[in-house]
Amino acid sequence: MSLASVSKSEEKLLLHTYDRHKILFEKGRGLYLWDSEGNRYLDFLSGIGVNALGHGHPAIRKTLQRQAGRLIHVSNLFFHEYQAQLAKRLTRISGLDRAFFCNSGTEAWEGALKLSRAYARTQNHNRHKAKWRLLALENSFHGRTFGSLATTGQEKYRQPFAPMMPGVGFVAFNDVADLKRQFDGSVCAICLETIQGEGGIRPLSPEFLQTARDLTKATGALLILDEIQCGLGRTGKYFAYQHYGIKPDVITVAKPLAAGLPLGAILTTNQVAGGFHPGMHGTTFGGGPLACAVAIEFLTLLDGLLGHVHDLGAYFHAKLEGLKSRHGSVCEVRGMGLMLGLELDSAATAKAVVAQLLEQGILINRTHETVLRFLPPYIIQKKHVDQVVRALDAALTAAKPKSGPPKSMKRSTSR
């Protein structure tokens, strides 16, 4: 099937929610994808953080084949063998006690918001109005469902669907004074991405996160951390909050958890889990045997990759800092591990660089208009970082203002 025929069919049949690049991918292996014309692409975006083991990992393929031949789906009205096994692994590495499995990151976040208000009701012993307000961050992104949108601190995502769910306030990013000013006894949860992803790869400051932890502990409110993009090994630790020496009450995870299959999870403490009882929350597809079996295999492989992610992340970060020293258009390098962002001085430059790398067969993307986002698979090597940095160097040079039009860069292909 050709790109033209697929594109034409989508234009006629699909809702117009994505502005896709004109590329039709047909297969993937390791760090690479191949399109319908046989061109090879180095994937430094990994499906926006999903394909953390690259494409077609042999252990994942083996698990898929084995489990698909046994059992793919069973209703959550019954047991299967993998949910408890997966929950045991996730609670061990997170330090929390219980898990709920769903299909996606936004569903996990939605469930966490529900849990925060349900838990607040169980703690309301004076018959006054239970804690109900939620504090989120400006510039944040938590997903596309209504509750997730309501806590997303970017007006462009919320405005088309207003009015939003009430009771949400937005705190200025890393502004401790603003957090203290807005926090009071009516707050049931502070809701944060440990590292903002769509907002431009922005880590929370240690002081801000510690203040959030202290405020919530003092009043019985919950600290909910969105680790959907930054969790599960992306920063060189199992979870990004483990760099800060704190433990939240609730965590949401998703993207790489089932190595490309839809799976998200809420992790929480025994005490907070008491906010839910049977019938209050549920899912049809979440936590099925196929996805859970693959997630167990992913976590088994992840154990041996954390040191590598840490080391390659430090190497990549240093190389990006080198670009900053050579190019005035580079404003800042941010991130941890293999979740890195390069902020440029204009949206036009960032857009041009992404396009130049795509022509060279390298996949990255642009987030928050001016930030180049890198979310490569955990299995990259130094030679792949060097290849990307060389391409960035050339693209940034080509993007510099000149008296005439910039020279186009020749597209390299490999079959």
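Within 6.0 Å of NE2 on His21 lie no more than 12 heavy atoms contributed by other residues, nucleotides or ligands. The number of heavy-atom neighbours closer than 6.0 Å to CD of Glu155, taken from other residues, nucleotides and ligands shown, is above 12. Heavy-atom contacts from other residues, nucleotides or ligands closer than 6.0 Å to NZ of Lys22 number 12 or fewer. Counted within 6.0 Å of CZ on Arg98, heavy atoms from surrounding residues, nucleotides or ligands total 12 or fewer; the atom is thus considered open.
Nearest heavy atom pair, residue Ala108 against residue Cys102, reads N-SG, 3.4 Å. Across all their heavy atoms, Gly231 and Pro256 have their closest contact at O-CG, 4.4 Å. Considering every non-hydrogen atom in both Leu263 and Ala291, the closest pair reads CD2-O, 3.9 Å. Counting all heavy atoms, side chain and backbone alike, Cys191 lies closest to Leu113 at SG-CD2, 3.9 Å. Residues Ala112 and Thr252 come closest through the heavy atom pair CB-CG2, 3.8 Å. Taking every heavy atom of both residues into account, Ala52 and Phe298 meet most closely at CB-CE1, 4.1 Å.
Distance alone, capped at 3.5 Å, is enough to place a donor-acceptor pair between the Arg234 side chain and the Leu338 backbone. A donor-acceptor pair is defined here as one N or O able to donate and one able to accept, closer than 3.5 Å; no such pair exists between the side chain of Thr122 and the backbone of Gly275. Lys324 places no side-chain N or O within 3.5 Å of a backbone atom of Val333 that could act as its donor or acceptor partner. One N or O on the side chain of Asn139 and one on the backbone of Gly199 form a donor-acceptor pair closer than 3.5 Å. The main-chain N or O of Ile362 is never found under 3.5 Å from a side-chain atom of Gln387 such that the two would form a donor-acceptor pair. Listed for the Gln196 side chain is a donor-acceptor partner under 3.5 Å among the backbone atoms of Glu138. Distance alone, capped at 3.5 Å, is enough to place a donor-acceptor pair between the Arg334 side chain and the Gly200 backbone. Listed for the His243 side chain is no donor-acceptor partner under 3.5 Å among the backbone atoms of Ala240. Here the side chain of His16 pairs a donor or acceptor atom with the backbone of Glu11 at under 3.5 angstrom. Side-chain atoms of Thr63 do not come within 3.5 Å of backbone N or O of Ala293 as any donor-acceptor pair.
Proximity of Leu357 to Phe44: side-chain heavy atoms (C-beta onward) are nowhere separated by under 4.5 Å. At least one side-chain heavy atom of Phe146 sits less than 4.5 Å from a side-chain heavy atom of Met164. With a 4.5 Å cut-off on side-chain heavy atoms, Lys255 and Leu375 do not count as touching. Using a 4.5 Å heavy-atom threshold, the side chains of Tyr241 and Ser94 count as touching. In this structure the side chain of Leu223 never reaches within 4.5 angstrom of the side chain of Leu215, judged on heavy atoms. Taking 4.5 Å as the limit, some side-chain heavy atom of Leu396 sits within range of a side-chain heavy atom of Leu344. Residues Glu297 and Lys62 are not in side-chain contact: their nearest non-hydrogen atoms beyond the backbone lie 4.5 Å or more apart. Side-chain contact between Tyr41 and Ile23: present, with at least one pair of heavy atoms (C-beta onward) separated by less than 4.5 Å.
Taking CG of Leu149 as the start and OH of Tyr157 as the end, the distance is 10.0 Å to the nearest 0.5 Å. Interatomic distance, CG of Leu290 versus CG of Leu64, reported as 5.5 Å (0.5 Å rounding). The distance from the CG atom of Leu24 to the OG atom of Ser5 is 7.5 Å, given to the nearest 0.5 Å. Distance check: Arg144 CZ to Ser104 OG gives 12.0 Å after rounding to the nearest 0.5 Å. Going from atom OH of Tyr378 over to atom CG of Leu305 covers 9.0 Å, rounded to the nearest 0.5 Å. Note: Phe239 CZ to Leu232 CG = 5.0 Å, rounded to the nearest 0.5 Å.
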For this session: Before giving the answer on side chain to side chain contact (heavy atoms under 4.5 Å, CB included), spell out for Tyr119 and Asp249 the whole-Å C-alpha distance, their side-chain angles and the decisive distance to 0.1 Å.
Result: CA-CA 11 Å; Tyr119 174 73; Asp249 302 295; over 6 Å; no
Exercise. When you look at Arg20 and Ser7, which way does the side-chain hydrogen bond (donor to acceptor under 3.5 Å, both in side chains) test go after all the steps?
Worked result: CA-CA 9 Å; Arg20 303 189 200 274; Ser7 177; over 6 Å; no
For this session: Check step by step if side chain to side chain contact (heavy atoms under 4.5 Å, CB included) holds for Leu392 and His327.
Result: CA-CA 10 Å; Leu392 286 168; His327 294 279; over 6 Å; no
For this session: Before giving the answer on side chain to side chain contact (heavy atoms under 4.5 Å, CB included), spell out for Leu222 and Thr216 the whole-Å C-alpha distance, their side-chain angles and the decisive distance to 0.1 Å.
Result: CA-CA 6 Å; Leu222 303 183; Thr216 51; over 6 Å; no
Problem set entry | Working for side-chain hydrogen bond (donor to acceptor under 3.5 Å, both in side chains), residues Asn51 and His57 | CA-CA 10 Å; Asn51 299 310; His57 191 285; over 6 Å; no
Problem set entry | Check against side chain to side chain contact (heavy atoms under 4.5 Å, CB included), Leu96 and Thr269 | CA-CA 5 Å; Leu96 297 175; Thr269 64; 3.8 Å; yes
Let me check something: any side-chain donor-acceptor pairs from residues 277-288 under 3.5 Å, sequence neighbours excluded? List them with distances.
{"from": "His281", "atom 1": "ND1", "to": "Lys114", "atom 2": "NZ", "distance (Å)": "2.9"}
{"from": "Thr283", "atom 1": "OG1", "to": "Asn103", "atom 2": "ND2", "distance (Å)": "3.4"}
{"from": "Thr283", "atom 1": "OG1", "to": "Gly286", "atom 2": "N", "distance (Å)": "2.9"}

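Under 3.5 Å, the side chains of Glu227 and Thr194 contain a donor-acceptor pair of N or O atoms. A donor atom on one side chain and an acceptor atom on the other are not found under 3.5 Å apart for Arg326 and Thr397. Residues Thr106 and Ser148 bring a donor and an acceptor atom of their side chains to less than 3.5 Å of each other.
Checked against Leu225 for a side-chain contact (heavy atoms from CB on, under 4.5 Å), the options Ile190, Val250, Ile246 give a single hit: Ile246. Residue Leu33 forms a side-chain contact (heavy atoms from CB on, under 4.5 Å) with just one option from His55, Arg40, Lys27, and that option is His55. Partner Glu198 forms a side chain to side chain donor-acceptor pair (under 3.5 Å) with one of Arg373, His142, His368 and no other, that one being Arg373.
The ring of Phe100 has its center no closer than 6.0 angstrom to the ring center of Phe276. A ring-centre distance under 6.0 Å is not found for Phe101 and Tyr82.
A salt bridge is absent between Lys180 and Asp175: the closest approach of a Lys/Arg side-chain nitrogen to an acidic carboxylate oxygen does not fall below 4.0 angstrom. Between Glu193 and Arg202, none of the side-chain N atoms (NZ, or NE/NH1/NH2) sits under 4.0 Å from a carboxylate O, so this pair counts as no salt bridge. Of the charged side-chain nitrogens involved, at least one lies within less than 4.0 Å of a carboxylate oxygen, so that Glu81 and Arg70 count as a salt-bridged pair.
In this pair, Tyr32 and Trp34 present their aromatic rings tilted. The plane angle is within the 30 to 60° band.
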